[in-house]
Amino acid sequence: AQSVTQLDSHVSVSEGTPVLLRCNYSSSYSPSLFWYVQHPNKGLQLLLKYTSAATLVKGINGFEAEFKKSETSFHLTKPSAHMSDAAEYFCVIYSGGGADGLTFGKGTHLIIQP
Amino acid sequence: NAGVTQTPKFQVLKTGQSMTLQCAQDMNHEYMSWYRQDPGMGLRLIHYSVGAGITDQGEVPNGYNVSRSTTEDFPLRLLSAAPSQTSVYFCASSSADRETLYYYGYTFGSGTRLTVV
């Protein structure tokens, strides 16, 4: 069995300040982990992925995430928030088995204050 | 541009009507899936396919049918629409290494917003 828990349903930060979106996971196997972003009325776009190589993963638009096995976490960070970062973010786990092996978190809504 | 194309973008149905949501991809991906997105629920898997002629049920398959006659197309059918099927539907495709099962990540369509009244 596998699961992901996004610890915050909403996060609000000021423009120019750091962003932290938290994700914990549970898996019986060595998982692959992903962060996707969804802008309003758009589809989902892959931000970054961890697949058992380097534990610090860099993604698009200045985002990065660190895989911490001891803490079963995969938190998403960005040093300086931009207004265009306002969106819904999903942490996703994949433990194998093809297309049915994905489990999505419930999402974190990121609000950027001017 | 290469990607996943979903049609229509918006649809309103009356209870009991049927319709097909279309999904096509031009990346020669083996895997294709349908998800529904509801507020506070994340994305939930409806049906998926690992190749032409092969489909299987996901987490919430009731009320939906699929088929995969070609690699490119994966339509989702609602046989008798119900208000509980009001949602945003996403189609996605991906490829994977057949030996290592390394998974390359999904490409999502832009979604179909369906309202059943």
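Proximity to chain B is absent for every atom of A:Glu88, based on heavy atoms less than 4.5 angstrom apart. In this structure, chain A has no heavy atom under 4.5 Å from any part of B:Glu59. Proximity to chain A (any heavy atom under 4.5 Å) is shown, for B:Arg44, by neither the backbone nor the side chain.
Hydrophobic cluster membership is shared by A:Tyr89 and A:Met83, with clusters built from Ile, Leu, Val, Met, Phe, Trp and Tyr side chains linked at under 4.5 angstrom. By the rule that hydrophobic residues join a cluster once side-chain heavy atoms approach within less than 4.5 Å of another member, A:Val19 and A:Leu56 end up as members of separate clusters. In terms of hydrophobic clustering, with Ile, Leu, Val, Met, Phe, Trp and Tyr side chains grouped at heavy-atom distances under 4.5 Å, B:Leu21 and B:Phe10 are assigned to different clusters. Under a hydrophobic-cluster definition in which Ile, Leu, Val, Met, Phe, Trp and Tyr are linked whenever side-chain heavy atoms come within less than 4.5 Å, directly or via other members, B:Val117 and B:Leu79 are assigned to different clusters. A single hydrophobic cluster is seen to contain both B:Ile54 and B:Tyr48, as judged by linkage of ILVMFWY side chains at heavy-atom distances under 4.5 Å, directly or through other members.
Heavy-atom neighbours of chain B within the stretch residues 105-114 of chain A, taken at a separation under 4.5 angstrom, comprise A:Gly105, A:Lys106.
In this structure, A:Tyr36 OH and B:Phe108 CZ are separated by 5.5 Å, a value rounded to the nearest 0.5 Å.
Summarising the geometry of A:Gln38 relative to B:Phe90, their closest heavy-atom pair is NE2-CZ, 3.1 Å, with the distance given to 0.1 Å.
The closest side-chain heavy-atom distance from A:Val92 to B:Leu43 is not below 4.5 Å.
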